[in-house]
K.L.:
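I'd like to ask you about the structure that follows.
Here is the naming used below: chain letters follow the sequence lines, and residue numbers restart at 1 for every chain. Since this is a predicted model, take the numbers as computed values, not measurements.
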Amino acid sequence: MTRLQSIKGMKDILPAGAAIWQHAEYAARRVLEAYGYREIRLPLLEKTEVFARSIGTQTDIVGKEMYTFTDRDGDSISLRPEGTAGCVRAGIQHGLFHKQQQRLYYFGPMFRHERPQRGRHRQFHQIGAEAVGWEGPDIDAELIALVARIWRELNLDEIVLEINSLGDLEARNKYREKLVEFLSTRASQLDKDSQHRLRTNPLRILDSKDEKTRNALADAPSILDSLDSKSRDHFESLQQHLRAFGIPFRVNPRLVRGLDYYSLTVFEWTSDRLGAQGTVCAGGRYDGLVEQLGGKPVPAVGFALGIERLVELVSNAVKGPENPDAYMVTLGSAARRAGMVLGEELRDAGLRVVCHCGEGSIKNQLKRADKSGAHVAVILGDDELASGNCIVKPLRGENKQVTVQQPDVLAAVSAFVGTSNSETDKETNR
RNA sequence: GUGAGCGUAGCUCAGUGGUAGAGCACAGGAUUGUGGCUCCUGCGGUCGUGGGUUCGACUCCCAUCGCUCACCCCA
């Protein structure tokens with residue numbers, strides 16, 4: 001009998017890790033809501049068509065990475081590989097974009113059948129934001145400033161911003177032709193993948209890691225030279241906004257996005273502490289997508305932030321799970337019952353209390369109490385039960401234990417928790 | 001999908017062609033109702049799986065599965 005194992009690329013997040021996730025997640029939520037973004041909760045499954053029509057059938061995501069299957073009704077459905085498509089579908093379906101503007105965000109798992117490696121799993125999680133109904137570039141800049149604030153909230157200062165403009169659909173198509181023309185004459189200098197992309201997704205050749213290909217691109221035409229004047233103004237204004245915000249950035253004319261729906265503004269935040277998958281947040285403008293999915297044409301801009309990657313950056317800068325305030329040590333069945341009731345009363349007052357359950361000598365129970373990280377142990381045995389008091393024993397610092405009447409337990413515990421908090425926080429922060 | 005590296009105790013890892021080790025963790029004791037530090041003792045392994053070579057394989061060979069990293073792709 002072989003032991004059961006999780007599916008390849010699907011990770012369990014154990015309690016210690018979950019604490020960091022919560023920390024990162026809530027920081028992001030706080031910031032998003034500070035900018036007026038509101039949460040939208042979306043299905044994990046959509047009709048395959050939702051993704052095929054938005055992300056593009058030529059992309060690897062749709063072509064070979066989606067979890068697609070036929071359900072019992074014979075419909076082709078897919079686990080979502082990203083969030084934007086479903087968000088736009090929902091907005092159209094419920095009329096959210098009808099003569100309205102929406103700042104939306106979502107959070108949750110995405111699925112892509114890729115070969116797992118560092119920073120890339122088959123089930124991974126994203127925080128996404130979509131601002132629908134504004135042409136920008138002010139909203140684009142605000143969106144980027146929002147992300148910068150998330151980094152600040154989490155004390156991350158090594159994440160670098162790159163921006164680019166792909167122009168509108170027309171300019172982008174024109175540039176694509178120019179690039180293909182340029183590269184076709186030197187196709188032999190390209191790596192194999194790029195030769196293939198010349199036919200499928202030529203813009204992606206621009207951010208190839210292959211050295212030969214990069215050399216061949218040395219004096220390729222820049223997309224920024226192909227921009228029409230409107231797109232150029234849009235991009236220039238975005239940069240002015242960012243300078244006004246004091247957000248450092250680098251213009252990278254080679255920066256492109258893998259998904260088909262982007263136009264005008266694209267941006268990417270990367271860290272060199274993440275191995276090969278350095279992009280922690282990326283996004284851009286997708287003015288054509290709402291119409292493409294059957295809505296009236298509405299401009300939109302958004303980003304997706306990879307939580308696993310974020311957590312990896314945050315993990316050494318954050319404290320562990322919240323420790324309990326008190327650990328209830330009880331000796332004998334009568335004391336056990338009284339102690340558990342006392343625990344309820346302490347929780348009523350807002351404390352975190354762990355009651356010892358199961359067997360255990362006082363020694364054993366105090367050992368557990370220490371291990372739990374609790375600030376104090378509350379000890380209740382036959383003697384205490386008989387005299388209506390109990391012992392409150394601080395486990396951190398130099399204070400001595402005290403015996404108090406049961407109605408005074410809350411005050412005694414609170415006193416110790418208050419005095420030892422700063423000290424233990426320092427401990428756990430290291 | 002391609003390539004490379006690695007699979008030994010719950011965890012982190014040593015190890016040798018002669019039948020398996022440490023640290024941490026866990027349990028008990030020194031300390032009958034007082035944790036942490038120390039000391040002692042104990043528990044814990046089909047050496048990923050299957051096959052082959054060999055008198056003998058955890059070790060060498062083959063296959064397979066898994067993990068990791070990189071390519072590809074992307075957040």
K.L.:
Which whole number of Å gives the distance between the P atom of G66(B) and that of U49(B)?
P.N.:
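That atom pair is separated by 15 Å.
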K.L.:
I want to verify a distance call: between G35(B), A75(B), G33(B), whose nearest atom is closest to the K393(A) side chain?
P.N.:
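The answer is G35(B).
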K.L.:
With heavy atoms under 4.0 Å as the rule, sort Q401(A) into base, sugar-phosphate or nothing.
P.N.:
base
K.L.:
Looking across every strand, which nucleic acid part, if any, lies under 4.0 Å from I307(A) by heavy atom: base, sugar-phosphate, or nothing?
P.N.:
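Here I307(A) touches no strand at all.
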K.L.:
Contact class for K11(A) (heavy atom, under 4.0 Å): base, sugar-phosphate, or nothing?
P.N.:
sugar-phosphate
K.L.:
Could you tell me how far G15(B) sits from C69(B) if I compare only their C1' atoms? Round to whole Å.
P.N.:
25 Å
K.L.:
Could you tell me how far apart K371(A) (NZ) and A25(B) (P) are, to the nearest whole angstrom?
P.N.:
6 Å
K.L.:
Are N364(A) and G28(B) close enough that a side-chain N or O sits under 4.0 Å from OP1 or OP2?
P.N.:
yes
K.L.:
If we take the P atom in both G52(B) and G44(B), what is their distance in whole Å?
P.N.:
31 Å
K.L.:
Expressed in angstrom and rounded to an integer, what is the separation of E312(A) atom CD from A75(B) atom C1'?
P.N.:
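Answer to the nearest Å: 13 Å.
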K.L.:
Specify the separation, in whole Å, of atom CD of E268(A) and atom P of C74(B).
P.N.:
10 Å
K.L.:
I need the CE-P distance between M328(A) and G33(B), as an integer number of Å.
P.N.:
20 Å
K.L.:
Taking the side chain of Q277(A) as its heavy atoms from C-beta onward, which of G35(B), C74(B), A75(B) lies nearest to it?
P.N.:
C74(B)
K.L.:
Is any side-chain N or O of E384(A) under 3.5 Å from a base N or O of G33(B), one able to act as donor and the other as acceptor?
P.N.:
yes
K.L.:
Counting the atoms with a prime plus P, OP1 and OP2 as sugar-phosphate, which does L310(A) contact under 4.0 Å by heavy atoms, base, sugar-phosphate, or nothing?
P.N.:
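Nothing, no heavy atom under 4.0 Å.
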K.L.:
In whole Å, what separates the C1' atom of U46(B) from that of A20(B)?
P.N.:
14 Å
K.L.:
Between R204(A) and C74(B), is there a contact of a side-chain N or O with OP1 or OP2 at under 4.0 Å?
P.N.:
yes
K.L.:
Once you apply a heavy-atom cut-off of 4.0 Å, does R309(A) come out as touching a base, just sugar-phosphate, or nothing?
P.N.:
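The answer is base, as R309(A) lies within the cut-off (heavy atoms under 4.0 Å) of a base atom.
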K.L.:
Hydrogens and angles aside, do R285(A) and T265(A) bring a side-chain donor and acceptor to less than 3.5 Å of each other?
P.N.:
no
K.L.:
Report yes or no: is there a donor-acceptor pair, N or O only, under 3.5 Å between the side chain of R115(A) and the base of U2(B)?
P.N.:
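Result: at least one qualifying N/O pair found.
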K.L.:
With a non-hydrogen cut-off below 4.0 angstrom, is A276(A) in contact with a base, only sugar-phosphate, or nothing?
P.N.:
sugar-phosphate
K.L.:
With rounding to the closest Å, how many angstrom separate the P atoms on C6(B) and C13(B)?
P.N.:
14 Å
K.L.:
My understanding is that a pair needs two contacts under 3.5 Å, Watson-Crick or G-U wobble. By that rule, which nucleotide pairs with G3(B)?
P.N.:
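Answer to the pairing question: C69(B), which forms a Watson-Crick or G-U pair with G3(B).
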K.L.:
Starting from C1' on C37(B), measure out to CD on E398(A) and report it in whole angstrom.
P.N.:
14 Å
K.L.:
Under 4.0 angstrom, heavy atoms only, what part of the nucleic acid is K8(A) near: base, sugar-phosphate, or nothing?
P.N.:
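Sugar-phosphate, no base atom in range.
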K.L.:
Think R103(A) forms a cation-pi with W134(A), using NZ or CZ under 6.0 Å from the six-ring centre and within 45 degrees of its axis?
P.N.:
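Yes - R103(A) lies over the ring of W134(A), closer than 6.0 Å to its centre and within 45° of its axis.
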K.L.:
Between R29(A) and F107(A), is NZ or CZ placed under 6.0 angstrom from the six-membered ring centre and within 45° of the ring axis?
P.N.:
yes
K.L.:
Quick one: on RNA chain B, does L380(A) or L274(A) contact a more 5' nucleotide (nearest heavy atom)?
P.N.:
L380(A)
K.L.:
For atom C1', what is the distance between A75(B) and U38(B), given to the nearest Å?
P.N.:
50 Å
K.L.:
Report the C-alpha separation of D210(A) and K212(A) in whole Å, then their side-chain angles, then the decisive distance to 0.1 Å, and conclude whether the salt bridge (Lys or Arg N to Asp or Glu O under 4.0 Å) test is met.
P.N.:
CA-CA 6 Å; D210(A) 186 85; K212(A) 271 189 341 191; 5.3 Å; no
K.L.:
Whom does A25(B) pair with, Watson-Crick or G-U wobble, provided both distances fall under 3.5 Å?
P.N.:
none
K.L.:
Determine the contact category for G119(A): base if any of its heavy atoms lies under 4.0 Å from a base atom, sugar-phosphate if only primed atoms, P, OP1 or OP2 are that close, otherwise nothing.
P.N.:
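Base: the residue G119(A), judged by heavy atoms under 4.0 Å, touches a nucleobase.
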K.L.:
I'd like to know if D370(A) reaches the base of G36(B) with its side chain, counting only an N/O donor and acceptor under 3.5 Å.
P.N.:
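Result: no qualifying N/O pair found.
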K.L.:
Under 4.0 Å between a side-chain N/O of R368(A) and OP1 or OP2 of A27(B), yes or no?
P.N.:
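Yes, within the criterion.
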K.L.:
Checking contacts here: which listed nucleotide (G33(B), C72(B), G66(B)) is nearest the side-chain heavy atoms of I379(A)?
P.N.:
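From the listed options, G33(B) comes nearest.
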K.L.:
So, do H375(A) and F416(A) have ring centers that fall under 6.0 Å from each other?
P.N.:
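Centroid separation for H375(A) and F416(A): 6.0 Å or greater.
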K.L.:
Strictly below 4.0 Å: does Q117(A) bring a side-chain N or O up to OP1 or OP2 of U68(B)?
P.N.:
no
K.L.:
Just checking, any donor-acceptor pair under 3.5 angstrom between side chains of R172(A) and Y262(A)?
P.N.:
no
K.L.:
Given C72(B), G35(B), C69(B), which nucleotide is nearest the side-chain atoms of R118(A)?
P.N.:
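Within the option list, the nearest is C69(B).
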K.L.:
G23(B) and U19(B): how far apart are their C1' atoms, nearest whole angstrom?
P.N.:
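The answer is 24 Å between these two C1' atoms.
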K.L.:
For C37(B), give its Watson-Crick or G-U wobble partner with both distances under 3.5 Å, or none.
P.N.:
none
K.L.:
In whole Å, I'd like the distance from the CZ atom of F303(A) to the P atom of A75(B).
P.N.:
13 Å
K.L.:
Is the phosphate of C71(B), meaning OP1 or OP2, less than 4.0 Å from a side-chain N or O of K209(A)?
P.N.:
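The answer is yes; a side-chain N or O of K209(A) sits under 4.0 Å from OP1 or OP2.
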K.L.:
Could you tell me which nucleotide pairs with G56(B) by Watson-Crick or G-U wobble geometry, both distances under 3.5 Å, or answer none if nothing does?
P.N.:
none
K.L.:
Give a yes/no answer on whether the side chain of K363(A) brings an N or O atom under 4.0 Å of OP1 or OP2 in U31(B).
P.N.:
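No.
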K.L.:
Does S194(A) reach the main-chain N or O of L190(A) with its side chain, forming a donor-acceptor pair under 3.5 Å?
P.N.:
no
K.L.:
Is any side-chain N or O of Q365(A) closer than 4.0 Å to OP1 or OP2 of U34(B)?
P.N.:
no
K.L.:
With a 3.5 Å distance limit and no angle check, can you tell me whether R396(A) reaches the backbone of A374(A) through a side-chain donor-acceptor pair?
P.N.:
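Present.
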K.L.:
Indicate whether the side chain of S271(A) and that of E158(A) have a donor and an acceptor atom separated by less than 3.5 Å.
P.N.:
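Result is no, nothing qualifies.
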K.L.:
Just call it for L305(A): base, sugar-phosphate, or nothing, with non-hydrogen atoms closer than 4.0 Å on any strand.
P.N.:
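Contact class for L305(A): none.
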K.L.:
Nearest whole Å is fine: how far is C67(B) P from I7(A) CD1?
P.N.:
11 Å
K.L.:
For D191(A) and for S361(A), find the nucleotide of RNA chain B with the closest heavy atom, then tell me which residue's nucleotide is more 5'.
P.N.:
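Taking each residue's closest nucleotide, the earlier one in sequence belongs to S361(A).
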K.L.:
Would you kindly check if the NZ (Lys) or CZ (Arg) of R186(A) is within the cone defined by 45 degrees around the ring axis of F182(A) and under 6.0 Å from the six-membered ring centre?
P.N.:
yes
K.L.:
Taking any strand in view, what nucleotide pairs with G50(B) in a Watson-Crick or G-U wobble way, both distances under 3.5 Å?
P.N.:
C62(B)
K.L.:
In whole Å, I'd like the distance from the OH atom of Y286(A) to the P atom of A75(B).
P.N.:
13 Å
K.L.:
Output yes when at least one side-chain N/O atom of K367(A) is less than 4.0 Å from OP1 or OP2 of C26(B), else no.
P.N.:
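Checking K367(A) against C26(B): no side-chain N or O falls below 4.0 Å of OP1 or OP2.
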K.L.:
Which one is paired to C43(B), where only Watson-Crick or G-U wobble pairs with both distances under 3.5 angstrom count?
P.N.:
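The answer is none; no pair meets the criterion.
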K.L.:
Please report the distance separating the C1' of C24(B) from the corresponding atom of A14(B), rounded so that it comes out in whole Å.
P.N.:
14 Å
